[in-house]
Amino acid sequence: ILNLHGTYERESSWVFTHSDLSSLWKSSGYKEFLQSVFINRVVIFAGITADDIAIRNHLEALRDADIKVGGHFWITDRKDKASDEWAELN
């Protein structure tokens with residue numbers, strides 16, 4: 001289980017602001033880890049939408065580089081067409 005936005009028990013791990021997220025994106029280790037997970041594993045997202053900015057940029061960068069990431073799944077209550085289309089594309 002990977003908690004991209006932090007865990008309840010560790011406030012220092014929380015990612016709430018764009019500034020928090022920008023700090024993570026500057027870390028090459030963070031980006032390389034996520035790319036490796038998306039390429040080599042099936043990911044089931046829970047508590048995050050398919051087009052969440054924290055994930056979207058990574059998946060789109062892999063798609064744009066023509067890197068196949070395999071199948072991933074989202075557990076969500078969203079039913080809008082835009083979200084479905086984005087998830088199918090990525």
Side-chain angles (χ1 to χ4, degrees):
I1 295 175
L2 178 62
N3 298 294
L4 292 177
H5 291 199
T7 61
Y8 177 78
E9 297 82 11
R10 290 186 47 226
E11 287 183 36
S12 64
S13 70
W14 295 355
V15 178
F16 280 126
T17 66
H18 196 292
S19 176
D20 294 338
L21 194 54
S22 292
S23 293
L24 281 176
W25 285 344
K26 291 177 185 173
S27 167
S28 61
Y30 175 77
K31 288 189 281 189
E32 289 170 10
F33 171 75
L34 286 181
Q35 288 177 354
S36 176
V37 168
F38 292 143
I39 292 168
N40 297 300
R41 301 285 185 236
V42 172
V43 178
I44 300 172
F45 295 96
I48 187 171
T49 60
D51 59 352
D52 186 287
I53 192 170
I55 298 301
R56 181 182 69 215
N57 291 347
H58 295 292
L59 290 174
E60 288 178 354
L62 292 170
R63 183 194 68 212
D64 292 346
D66 203 28
I67 297 172
K68 305 299 180 213
V69 296
H72 302 300
F73 303 91
W74 281 265
I75 300 171
T76 182
D77 62 352
R78 284 183 61 174
K79 296 176 173 95
D80 60 282
K81 184 177 179 179
S83 182
D84 286 345
E85 289 174 350
W86 189 91
E88 288 297 323
L89 182 61
N90 292 287

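- Between atom CG of residue N3 and atom CD of residue E9 there is a gap of 8.5 Å, rounded to the nearest 0.5 Å.
- Other residues, nucleotides and ligands contribute over 12 non-hydrogen atoms within 6.0 Å of the CD1 atom of I39.
- In terms of modelled atom types and a separation under 3.5 Å, the side chain of K31 and the main chain of W25 share a donor-acceptor contact.
- No single ILVMFWY cluster, assembled from side-chain heavy atoms under 4.5 Å apart, contains both I44 and L34.
- Below 30°, between 30° and 60°, or above 60°: for F45 and W74 the angle between ring planes is below 30°, a parallel geometry.
- Without hydrogens or angle criteria, S36 side chain to E32 main chain gives no donor-acceptor distance under 3.5 Å.
- Using modelled atom types, one finds no donor on one side chain facing an acceptor on the other under 3.5 Å when comparing S23 with D20.
- Both I67 and F38 are part of a single hydrophobic cluster, where members link through side-chain heavy atoms under 4.5 Å apart.
- Y30 and W14 fall into different hydrophobic clusters, where Ile, Leu, Val, Met, Phe, Trp and Tyr residues are linked whenever their side-chain heavy atoms come under 4.5 Å apart, directly or through other members.
- Follow the hydrophobic side-chain contacts under 4.5 Å out from V42 and you never reach F33; the two are in separate clusters.
- Minimum heavy-atom separation, H72 to R41: CE1-O, 3.2 Å.
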